[in-house]
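Counting starts at 1 for both ligands and their atoms, in listed order.
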Amino acid sequence: MNGQGPEKKRVIGVLTGGGDCPGLNAVIRAVVKSAVSAGFDVVGIEDGFKGLIENRMRKLAVKDVSGLLPRGGTILGTSNRDNPFRSPVEVAGETDFRDVSNGAIANLTEHGVEALIVIGGDGTLSIARDLSRKGVKVVGVPKTIDNDLSATDVTFGFDTALVTATEALDRLHSTAESHHRVMVLEVMGRYAGWIALEAGLAGGADVILIPEIPFKIWKVVDKIKERRAYGKRFSIIVVAEGAAPAGGQMVVRKIDPLSPDPVRLGGIGAQVGAELEELTKVETRVIVLGHLQRGGSPTPFDRILATRYGTAAVRLVQEERFGEMVALRGQSIVSAPIDEAVGTLRRVPSDSELVATARAVGVSFGDGE
Ligand code: F6P
């Protein structure tokens, strides 16, 4: 008390941006629980940067976040189309883009938000970095099933997507083996092949096609024939949505002009499956795993990582280390400038130990002469 009524508490804002991802709720829970016990109030911003632009925020109490650990998605809602620095407005029937960041910042001030925790992937964190350059006190938390953010070894959500993709490969083995078929599983990952590579390794795929290693279809055909020659009449192929043939292009499913990252990949699985069936005459089926990889309850690994990230983000706020993002390096939670995380995508090095391990157990990447 200061003689003029109770002192106002310091307020932390939290938002989730970009595609949803298992573990978002676990981060929100960790932020709220640890911030409240450190004496802060927490305000949740609805639907990512859309809610910040439209001034939609609500107080989050501890009771609002209990039971959230196992829940997929985000109780705050999210958007991968809204950017306060490039917000669409209709002018004479045409869509134009305006910088509405000053209004968004004023909305934070109106709610007394002193620091903003932004949970997102590279698109969302790039916006967070730009807000930080305008003076907003921002802390980042790295999220994406694609695991393609620099400055951290792992993003939360990746492990859950990996478990889903691995289980899909396990299940596809039954039909592949029983019907002597080729089964092609297309997984997400954008321009990085982490989900395909690690699920392929864990799920015993015979061929793994990733964006970082351009493939030749006849090398995949060779692998299928080699397996048949020693009595294995089925083959399992995992293909990342961003994989492309040598000299060819990634397959674009859709362009979303309103999104900061407008390209939506998808369709390479169908292309590969059709070519393989034609060239090998082996009955082939294609399965696109799609958003199943983003749904469901986070794995224990992701729940723990999300909890470590959420509590570490609040510590960064307390230590006034703004413009930083929490990160995992080895076994330790550290922090790094958000700028470092969003500068370049973290892709699979084609000479990495994981790729070499896969090759050592006979996996083909569809490359070579
Ligand atoms: O970044 C996550 C991700 O799921 C990518 O793997 C995928 O390419 C993209 O988002 C799909 O976006 P949307 O949900 O807009 O179709």
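- Interface atoms of ligand 1 facing Arg190, defined by a heavy-atom separation under 4.0 Å, are 5 (C), 6 (O), 8 (O).
- Taking the ring axis of Trp194 as reference, the NZ or CZ atom of Arg347 does not stay both within 45° of it and closer than 6.0 Å to the ring centre.
- Closest to atom 11 (C) of ligand 1, if we only count protein heavy atoms, is Arg294 NH1, 3.7 Å.
- Considering OG1 of Thr16 and CG of Leu76, their distance stands at 5.0 Å, rounded to 0.5 Å.
- A heavy-atom separation below 4.0 Å is not found between Leu265 and ligand 1.
- In this structure, His291 has a heavy atom closer than 4.0 Å to ligand 1.
- Close contacts of ligand 1 with Asn80, meaning ligand atoms under 4.0 Å from a residue heavy atom, involve 15 (O).
- Taking every heavy atom of Arg264 and a limit of under 4.0 angstrom, the matching atoms of ligand 1 come to 12 (O), 13 (P), 15 (O), 16 (O).
- Below 3.5 Å of separation, one finds no N or O of Ile145 facing any N or O of ligand 1.
- Between Arg86 and Asp99 no salt bridge is recorded (no basic side-chain N to carboxylate O distance below 4.0 Å).
- Taking atom 1 (O) of ligand 1 as the reference point, the nearest protein heavy-atom neighbour is Asp146 OD2, 2.6 Å.
- Distances from atom 8 (O) of ligand 1 to the heavy atoms of Glu241, Lys143, Arg253 put Glu241 nearest.
- For Arg227 and Phe234, the positive end sits near the middle of the six-membered ring, less than 6.0 Å away and at most 45° from its axis.
- Distances below 4.0 Å separate heavy atoms of Gly189 from the following atoms of ligand 1: 6 (O).
- Note on Phe156: it clusters hydrophobically with Ile333, by side-chain heavy-atom contacts below 4.5 Å among ILVMFWY residues.
- Scanning all heavy atoms of the two residues, the minimum distance from Pro84 to Ala104 falls at CB-CB, 4.2 Å.
- Between Leu328 and Arg308 the shortest side-chain heavy-atom distance falls below 4.5 Å.
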